[in-house]
Amino acid sequence: MDTTIEHEDKSLIGRFTKWRIEHLSTRQFTLILSFFVGVFAAIAAFFLHWLIKQIQMLLTEGFTISSINWLYLVFPVVGIYLTSLFIRHVVKDNISHGITRVLYAISTKRARLKGHNCWSSVIASAITIGFGGSVGAEAPIVLTGSAIGSNLGQLFKLDNRTMILLVGCGASAAIAGIYKAPIAGLVFTLEVLMVDLTMASLLPILIACVTATCFTYIFVGTDSMFTFHIDGEWVIERVPASVLFGIFCGMISLYFMRTMTACENMFGKMKERPYQRLIVGGVILSSLIFIFPSLYGEGLSSVNILLNGNTEADWSEILNNSLFYGHNNLLVVYVGLVLFTKVFATSATNGSGGCGGTFAPSLFIGGFGGFFFARLWNIYNIGVYIPEKNFTLLGMAGVMAGVMHSPLTGIFLIAEITGGYQLLLPLMIVCISSYLTINIFEPHSIYGMRLAREGKLITHHTDKSILTLMSMESIIDKNYTAVNPEMPLGKLVYVISRSHTSFIPVLDHAGQLIGEIDVTKIRHIMFRTELYHKFSVAQIMCPTPAVLGRNDPMEEVMNKFDKTDATYLPVVDANNELQGFISRTRMYAMYRKMVADFSTE
């Protein structure tokens, strides 16, 4: 044992850690690490987009805009198959749902992400998207950035609170680096990952965001991802249209989330049959891309066409390579169909074995939804004229705000990546209207809804966050003395005298819990020796006030203690076999300690 410790002290990391503890506070060291997290996240984001671009250029170089391209039926399936092989044989782990995986790590694994998450999502998503998978690169990069922060924290053996902060730094740096939007990166971490904004967390996250943004400028220049010039000044007469459009965005978000969930469930039933998933998902995806080439890859180039066009001829460029080419009169029909089918293309990509996120698809659907709404509004002269390109921009923010339950992220991201600050007021109106609409139907974001169903979602509510972070395994006491129902009172008294708790479970011969002995209720007979052979455990036991399941969330455990006012509650498995018990005193002691740690600046 001494040899191991001595060896660790002499290692490079061990010596550095010792020096760091002596010369730097945890807060100072966190600021330094946040800088490096920003650098590495920017490098990962640049490499991913560069790799996607190279693959797409190689595959689509010979495509003509005036005719259909049959290779659209092949490329997506090949990409998903290669991705699934890479995940199955190289990664050997599940890397889907990147942002959900980050939320899960924060809530149940003390912000610990595996080392391969620093690179595996980058490779897998580049293959998927480069070959045409209709998903986004943002979620994989958020997972990558978060994993970089997590693994740096693990390397230097930092505490759980600092680890969560570094994960937040990685996620925010990823968003800031991809979009050159530092404020949006900060707000994303607060709204989506639920990392609380305190003076201790604000500065590291800002350092990571600004660092990632600056390095992205160095790598790719200062141009925004989307080019946008406002079409006329915004006027107050457009408020009703903006509110109605916000509600429309909320309903699109609901459609997107519900359809995505239904498709995930369908593909989930084929989990044990990967080739069936590949065939079903591949056929759906390839067919949709063949008919609507705008669905190929992230599709943000099509959104740029809608943002920059001024006439029907300009916007009709999105019909290139499709069956609709040359039929400019069908532009609105095409946009509406793409808006409707994008969610199926995204679901088929991930469901059949691809790797990608829903961040970019929500921007895509929002942009197409905004153009669709404004074009119909103007064609039928429903009210005051609303510029199509402006509403394309507003739609991107509105659907993102609805799908991700993050109105501030939608507002600042779209304003930063397009320079559209002149539309800040309508952005606010649309995002708030969309968020309030979706909140009626879905209380959680598309990332949080899976964890919320399991009670594993961290929130800004400190009490609920602590209960989420607490684990039953850490407070369950497996050291108990059980009795059987045939045991006479005399032997029971002896057991009670030797027990370190007043919780005496009664088990049958199969080890199943059938009741308990409440010492306070048998005091009137337990000291009368003449009754020791007249009573058995079965006659004096009582039912347990409540039973805890092994996987019960801690909030439910707390509620059961409050309702029953019990001192001890048993924990059983699915077969009602006793696993141990939880002490109310011990549980609340741990709760108070975690609240104190959680609240420390």
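Values in this document were obtained by computation on a predicted structure and should not be read as measured data.
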Spacing of L436 atom CG and I438 atom CD1 [to the nearest 0.5 Å]: 11.5 Å
Under a 4.5 Å cut-off applied to non-hydrogen side-chain atoms, are L113 and S146 in contact? yes
Over all heavy atoms of both residues, which pair between V384 and R238 is shortest? Give the atoms and the distance, please. CG1-CG, 4.1 Å
Look only at the side chain of N350 and the backbone of G356, and say whether a donor-acceptor pair between them is shorter than 3.5 Å. yes
About how many Å separate CD1 of I365 and OG of S253, when rounded to the nearest 0.5 Å? 8.5 Å
How long is the straight-line distance from CD1 of I175 back to CG of L413, given to the nearest 0.5 Å? 7.5 Å
Quiz question: by atom type and distance under 3.5 Å, do the side chains of Y435 and S406 form a donor-acceptor pair? no
From CD (E317) to CG (L331), nearest 0.5 Å: 11.0 Å
Give the minimum heavy-atom separation between A171 and V142, together with the two atoms involved. CB-CG1, 3.8 Å
Residue pair F219, W50: steps toward the ring pair (Phe, Tyr, Trp, His ring centres under 6.0 Å) verdict: CA-CA 10 Å; F219 296 147; W50 176 84; over 10 Å; no
S286 side chain to V283 main-chain N or O, any donor-acceptor pair under 3.5 Å? no
Could you tell me whether a side-chain N or O of R277 sits under 3.5 Å from a main-chain N or O of G351, the two making a donor and an acceptor? yes
Scanning both residues in full, the closest heavy-atom pair of S172 with L186 reads CB-N, 4.2 Å
Scanning both residues in full, the closest heavy-atom pair of G309 with D314 reads CA-CB, 3.6 Å
Look at the aromatic rings of F245 and F373 and report parallel, tilted or perpendicular, splitting at 30° and 60°. tilted
Show your reasoning for whether side chain to side chain contact (heavy atoms under 4.5 Å, CB included) applies to K389 and L393. CA-CA 6 Å; K389 60 193 300 184; L393 183 74; over 6 Å; no
Does the ring of Y217 carry K180 above it, NZ/CZ under 6.0 angstrom from centre and within 45° of its axis? no
Going by the angle between their ring planes, with limits at 30° and 60°, are Y81 and Y275 parallel, tilted or perpendicular? tilted
Keeping the roles fixed (side chain from H405, backbone from A401), state whether a donor-acceptor pair exists under 3.5 Å. no
Main-chain N/O of I247 paired with S433 side-chain donor or acceptor, under 3.5 Å: no
Do W234 and V239 come within less than 4.5 Å of each other through their side chains, counting heavy atoms only? yes
Just wondering, do I80 and L285 contact through their side chains at under 4.5 Å, heavy atoms? yes
Is the backbone of A137 close enough, under 3.5 Å, to the side chain of E298 for a donor and an acceptor to pair up by distance? yes
Given Y296, which of F131, Y72, F75 fulfils the ring pair (Phe, Tyr, Trp, His ring centres under 6.0 Å) condition? Y72
With ring centroids as reference points, do F371 and F391 lie under 6.0 angstrom apart? no
Less than 4.5 Å apart, any side-chain heavy atom of F40 and any of C118? no
Ignoring hydrogens and angles, tell me if any N or O in the side chain of S434 forms a donor-acceptor pair with the backbone of V430 under 3.5 Å. no
Please step through side chain to side chain contact (heavy atoms under 4.5 Å, CB included) for the pair N117 and T144, ending with a clear verdict. CA-CA 6 Å; N117 289 130; T144 299; over 6 Å; no
Intermediate values then yes/no, side chain to side chain contact (heavy atoms under 4.5 Å, CB included), L427 and L394: CA-CA 6 Å; L427 276 171; L394 296 176; 3.7 Å; yes
Heavy-atom closest pair (S242 atom, I429 atom, distance to 0.1 Å) is CB-CG2, 3.9 Å
F340 side, atom CZ; L288 side, atom CG - distance, nearest 0.5 Å: 10.0 Å
Side chains of C214 and V210: does their closest heavy-atom pair fall under 4.5 Å? yes
Do the non-hydrogen side-chain atoms of S302 and L306 ever get within less than 4.5 Å of each other? no
N390 and I386: CA distance, side-chain angles, deciding distance, side chain to side chain contact (heavy atoms under 4.5 Å, CB included) verdict: CA-CA 8 Å; N390 290 6; I386 55 176; over 6 Å; no
In Å, rounded to the nearest 0.5 Å, how long is the span from OG1 of T213 to CD of E416? 7.5 Å
Give me the atom names and distance for the closest heavy-atom approach of T128 to C355. OG1-N, 3.1 Å
Testing N320, I318, T392 one by one against I305 for a side chain to side chain contact (heavy atoms under 4.5 Å, CB included), which residue passes? I318
Any S120 side-chain heavy atom under 4.5 Å of K114 side chain: no
Does the gap between the ring centers of Y385 and W377 come in under 6.0 Å? no
Any side-chain heavy atom of F359 within less than 4.5 Å of one from F364? no
So, are K269 and E264 salt-bridged, with charged N and O less than 4.0 Å apart? no
Using the six-membered ring wherever Trp is involved, compare the ring planes of H116 and W119 and label them parallel, tilted or perpendicular (cut-offs 30° and 60°). perpendicular
